[in-house]
Amino acid sequence: MVAIPSLIFRKELMDALIKNAAKDLATCKQAVALTGAGISVESNIPPFRGKGGIWEKFDPMEYAHIDAFMTDPVKVWNALLKDMKGIIDRAKPNDGHLGLARLETLGKLNTVITQNVDGLHQLAGNTDVIEFHGNFAWHFCLACGRRVKTGQIDLSEIPPKCPCGGIYRPDCVFFGEMIPSQALYRSRQAASTCDLMLVVGTSAVVQPAALMPVVAKQAGAKVIEINPETTPLTGSISDYLIQGKAGETLAAILSELERLL
Ligand code: NAD
Ligand code: ZN
């Protein structure tokens, strides 16, 4: 098959940027990662936005807003949460999560700020994970506050109910809810003290998470994006975008970095 010149050019550009990222990581003192749903796509968890995203089928305000959940929990449980539970239960960390864990082992990365609720960074081995939007690993009862592991929830009745009769909801942040203040405080601190931020698989449109690369940039850090698509950060806040999948790209960066160290 004859290769198309623009594809060759793109591959060369990708390889050069991967080498660049490895060099930047080799020389940085302290990197921080900000991750979004895109890093878990290769673990078969669909993102919200972008190709194949959940929002191609659902309107976020109709399903992921706290008012929607409180008004009609049966609808939100049936359309979104029931499937999400199964998908997250089956998911395993991919090379993207494992690459960030390896960066921690190499002493290059302390903190992962994630918008994800799937717990895959912790499973991969990162020890300081700031969960901006909570975690799907736990649910709590709207009536009595009882907390229960997601795996123990019985889905034979929707919405699932606590022994007290109250409805269970996931311990994650719906649209319209506040970000946990500790997560916000710690993220700002991590973003303003790092000298390199890896922004992986986020559409960078959900605030205030999307502000973290701006905080990092203003504090003098280099900002590297990994995403198959451009985002509002591209060409303004990020120093460069490596236009590829998180798993493949981070695996390539790590093997280059380990050669340099
Ligand atoms: P998003 O859904 O808005 O955007 C996903 C981004 O990932 C897009 O920019 C897309 O181009 C990119 N992407 C797609 N495939 C990729 C790949 N293989 N590698 C790298 N990037 C890829 O995600 P968001 O910015 O995180 O914001 C949406 C909110 O949705 C989050 O706050 C999160 O709470 C929630 N969410 C979480 C999960 C999860 O926990 N895995 C899944 C869906 C949504
Ligand atoms: Zn209860």
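Atoms within a ligand are numbered from 1 in the order they appear, just like the ligands themselves.
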Next item on the list: Just let me know how Lys245 lines up against ligand 1, side chain, backbone, both or neither, with a heavy-atom cut-off below 4.0 Å.
Entry: both
Margin query: I need the nearest protein heavy-atom contact for atom 32 (O) of ligand 1: residue, atom name and distance, please.
Written below: His133 ND1, 2.5 Å
Check: Quick one: does Glu225's side chain get under 4.5 Å of Gln243's, heavy atoms only?
Finding: no
Next item on the list: List every atom of ligand 1 that sits less than 4.0 Å from any heavy atom of Pro228, numbering the atoms from 1 in the order shown and giving each element.
Entry: 13 (N), 16 (C), 20 (C), 21 (N), 22 (C)
Notebook entry, point to check: Would you say ligand 1 has an N or O under 3.5 Å from any N or O of Ile39?
Noted result: no
Margin query: Taking Lys161 first and then Glu157, would you say they form a salt bridge - that is, a charged N and a carboxylate O separated by under 4.0 Å?
Written below: yes
Notebook entry, point to check: Is any NZ, NE, NH1 or NH2 atom of the basic residue among Lys222 and Asp195 found under 4.0 Å from an Asp or Glu carboxylate oxygen of the other?
Noted result: no
Check: Does the side chain to side chain donor-acceptor pair (under 3.5 Å) test come out yes or no for Gln30 and Thr193, once each step is laid out?
Finding: CA-CA 8 Å; Gln30 194 52 70; Thr193 51; over 6 Å; no
Item checked: Numbered atoms of ligand 1 (with element) below 4.0 Å of Val206, judged on heavy atoms -> 27 (O)
Notebook entry, point to check: Number of protein N/O/S atoms less than 2.8 Å from the Zn ion (ligand 2)?
Noted result: 4
Next item on the list: Can you pull out the closest protein heavy atom to atom 37 (C) of ligand 1? Residue, atom name and distance to 0.1 Å, please.
Entry: Asn116 OD1, 3.9 Å
Next item on the list: Show which atoms of ligand 1 fall inside a sub-4.0 Å distance from at least one heavy-atom site of Gly201.
Entry: 5 (C), 6 (C), 7 (O), 20 (C), 21 (N)
Item checked: Protein heavy atom at shortest distance from atom 17 (C) of ligand 1 -> Gly38 O, 3.2 Å
Next item on the list: Evaluate the side chain to side chain donor-acceptor pair (under 3.5 Å) criterion for residues His133 and Thr114: first the C-alpha distance (whole Å), next the side-chain angles of each, then the deciding distance (0.1 Å), finally the verdict.
Entry: CA-CA 8 Å; His133 295 153; Thr114 189; over 6 Å; no
Checklist line | Nearest-contact summary for atom 25 (O) of ligand 1 - protein heavy atom, Å | finding: Thr202 OG1, 2.7 Å
Note to self: Are Gln218 and Ser192 packed together at the side-chain level, in the sense that at least one heavy-atom pair is separated by less than 4.5 angstrom?
What the structure shows: no
Notebook entry, point to check: With a 4.5 Å limit on heavy-atom distance, are the side chains of Ile253 and Ile226 in contact?
Noted result: yes
Next item on the list: Check each heavy atom of Val41 against ligand 1 and say whether those closer than 4.0 Å belong to the side chain, the backbone, both or neither.
Entry: side chain
Next item on the list: Write out the residue and atom name of the closest protein heavy atom to atom 12 (C) of ligand 1, then the distance separating them to 0.1 Å.
Entry: Asn227 OD1, 3.4 Å
Margin query: Within the 4.5 Å heavy-atom criterion, are Pro208 and Leu184 side-chain neighbours or not?
Written below: yes
Check: Would one find an N or O of Gln115, backbone or side chain, under 3.5 Å from an N or O of ligand 1?
Finding: yes
Note to self: Under 4.0 Å between a side-chain nitrogen and a carboxylate oxygen: does that hold for Lys85 and Asp89?
What the structure shows: yes
Item checked: Atoms in ligand 1 with a heavy atom of Ala37 nearer than 4.0 Å -> 2 (O), 23 (O), 24 (P), 26 (O), 38 (C), 42 (C), 43 (C), 44 (C)
Check: What do we get for Pro46 next to ligand 1 when only non-hydrogen atoms under 4.0 Å count, side chain, backbone, both or neither?
Finding: backbone
Checklist line | Interfacing atoms of ligand 1 (cut-off 4.0 Å, heavy-atom, Gly36) | finding: 26 (O)
Note to self: Any heavy-atom pair between the side chains of Arg147 and Asp171 that's under 4.5 Å?
What the structure shows: yes
Next item on the list: Give yes if a backbone or side-chain nitrogen or oxygen of Ser203 is under 3.5 Å from a nitrogen or oxygen of ligand 1, and no if not.
Entry: yes
Note to self: At less than 4.0 angstrom from any non-hydrogen atom of Ser40, what atoms of ligand 1 do you find?
What the structure shows: 41 (N)
Checklist line | Validation row: Leu257, Leu106 side chains within 4.5 angstrom (heavy atoms) | finding: yes
Next item on the list: May I ask you to check whether Ala246 has an N/O atom sitting below 3.5 Å from an N/O atom of ligand 1?
Entry: yes
Next item on the list: Side-chain contact test, heavy atoms from C-beta onward, threshold under 4.5 Å: evaluate it for Asn116 versus Thr35 and give yes or no.
Entry: yes
Item checked: Contacting atoms of ligand 1, where contact means under 4.0 angstrom from a heavy atom of Val117 -> 39 (C), 40 (O)
Next item on the list: Check whether any side-chain N or O of Thr231 sits under 3.5 Å from a backbone N or O of Leu233 as a donor-acceptor pair, and report yes or no.
Entry: yes
Next item on the list: Among all protein heavy atoms, pick out the one at the shortest distance from atom 18 (N) of ligand 1; state its residue, atom name and that distance to 0.1 Å.
Entry: Glu42 OE1, 3.2 Å
Checklist line | Verdict with reasoning, Glu62 to Lys75, per salt bridge (Lys or Arg N to Asp or Glu O under 4.0 Å) | finding: CA-CA 10 Å; Glu62 213 186 310; Lys75 178 172 146 182; 2.9 Å; yes
Item checked: Note, Arg169 side chain near Phe69 side chain (heavy atom, < 4.5 Å) -> yes
Checklist line | Met14 vs Ile242, side chain to side chain contact (heavy atoms under 4.5 Å, CB included): CA-CA, chis, key distance, verdict | finding: CA-CA 6 Å; Met14 279 273 287; Ile242 308 181; 3.8 Å; yes
Item checked: Protein heavy atom at shortest distance from atom 28 (C) of ligand 1 -> Arg49 NH1, 3.4 Å
Notebook entry, point to check: Should you measure from each heavy atom of Asp118, which atoms of ligand 1 turn up under 4.0 Å away?
Noted result: 39 (C), 40 (O), 41 (N)
Check: What do the steps show when you test Tyr240 against Asp24 for side chain to side chain donor-acceptor pair (under 3.5 Å), and what is the final call?
Finding: CA-CA 12 Å; Tyr240 52 94; Asp24 285 337; 2.7 Å; yes
Check: Tell me, which protein residue and heavy-atom name are nearest atom 29 (C) of ligand 1, and how many Å apart are they?
Finding: Phe48 CD1, 3.5 Å
